[in-house]
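Just the heavy atoms: all of them, side chains too, but no hydrogens, waters or symmetry mates, feed the values below. Predicted, not measured: the structure shown is a model, and the values here were computed from it.
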Amino acid sequence: MANSDCIPQVHICAMRVAELDPNGVPTPGSNLLTVDSIVELVATPAITEGDQIEDKNGCGVVCVNYKGPDTLLRYDITLIVCDQNPYVMAALGRGTILDDVVGLETIRGYAFPALGEASTEAVSIEFWAKRIDDGALHADYPYAWWVLPKVTDLRHDAMTFSASSNRPAFVGRAFENENWFDGPLNDWPVESDRAVQWFPTPALPTVACEPTILPAS
């Protein structure tokens with residue numbers, strides 16, 4: 001059996017999105033959305049390269065050669081889901097849920113954000129991957145719980161409508177957030193002040209189509 005700290009991760013099985021207040025704290029009374037429709041999340045480092053200073057003397061030989069340190073600014077996020085759930089679309093695309101009452105049933109759709117300045121509201125995004133030990137789920141901690149405690153500038157990415165499935169895509173920017181603390185449900189067990197982090201966990205969250213209301217801590 002492999003060392004449980006040194007095992008691979010596969011798949012991406014669930015996602016939770018919580019709205020944050022202006023200080024980065026999960027907002028009681030807001031929507032907490034937990035779904036299993038996530039297909040892919042890509043976190044790309046955004047780096048500003050340090051200054052390169054190079055001078056030559058009169059004979060054409062380099063006499064000053066200095067490279068300053070690079071700076072990690074954030075992680076640029078691309079996220080894809082597999083359905084058109086209007087709650088997911090609104091949480092990640094920052095648009096509006098449309099609804100109409102037909103008989104005893106409420107029918108819902110979705111409207112993209114209005115043209116103009118993009119939303120700057122922030123959310124936290126959590127997702128869960130499988131931890132594989134000798135070809136099976138780890139016996140005690142079968143999942144890796146990933147946390148992005150502050151994702152801003154969320155918006156729709158390009159969408160393709162074709163003979164294949166129409167998979168909504170979104171982009172955003174992930175930053176550090178020391179005010180996420182132990183998460184929207186007060187159950188994250190360790191520090192959460194980095195832009196991206198993960199920790200082993202024994203279970204997946206309960207998923208649903210519709211959001212729940214985040215209770216007060």
Hey, could you give me the [atom1]/[atom2] distance between [X] and [Y], rounded to the nearest 0.5 Å?
X      : Y      : atom1 : atom2 : value
Tyr110 : Asn85  : OH    : CG    : 11.0 Å
Ile80  : Met159 : CD1   : CE    : 11.0 Å
Leu72  : Arg74  : CG    : CZ    : 9.5 Å

Do [X] and [Y] have side chains that get closer than 4.5 Å, going by heavy atoms?
X      : Y      : answer
Arg155 : Val171 : yes
Thr71  : Ile47  : no
Glu54  : Tyr66  : no
Glu126 : Leu148 : no
Ser124 : Lys150 : no
Thr44  : Thr78  : no
Lys130 : Cys13  : yes
Val151 : Arg173 : no

Heavy-atom pair with the smallest gap, counting every atom of [X] and [Y]:
X      : Y      : result
Leu79  : Leu92  : CD2-CD1, 3.7 Å
Leu33  : Glu210 : CD1-C, 4.1 Å
Ala122 : Thr152 : CB-CG2, 3.7 Å
Asn177 : Asn23  : OD1-O, 4.1 Å
Phe161 : Asn166 : CA-OD1, 3.3 Å

Notebook entry, point to check: What pairs with Asp193 under side chain to side chain donor-acceptor pair (under 3.5 Å), at least two apart in sequence or on another chain?
Noted result: none

Item checked: Residues which pass side chain to side chain donor-acceptor pair (under 3.5 Å) with Glu121, listed by chain and number, not counting sequence neighbours -> Arg94

Next item on the list: Determine, using ring centers only, whether Trp146 and Phe127 are less than 6.0 Å apart.
Entry: yes

Notebook entry, point to check: Leu32 and Trp180: same hydrophobic cluster, using ILVMFWY side-chain contacts below 4.5 Å?
Noted result: no

Note to self: Tell me which one of Phe199, Trp198, Trp188 satisfies ring pair (Phe, Tyr, Trp, His ring centres under 6.0 Å) with Trp145.
What the structure shows: Trp188

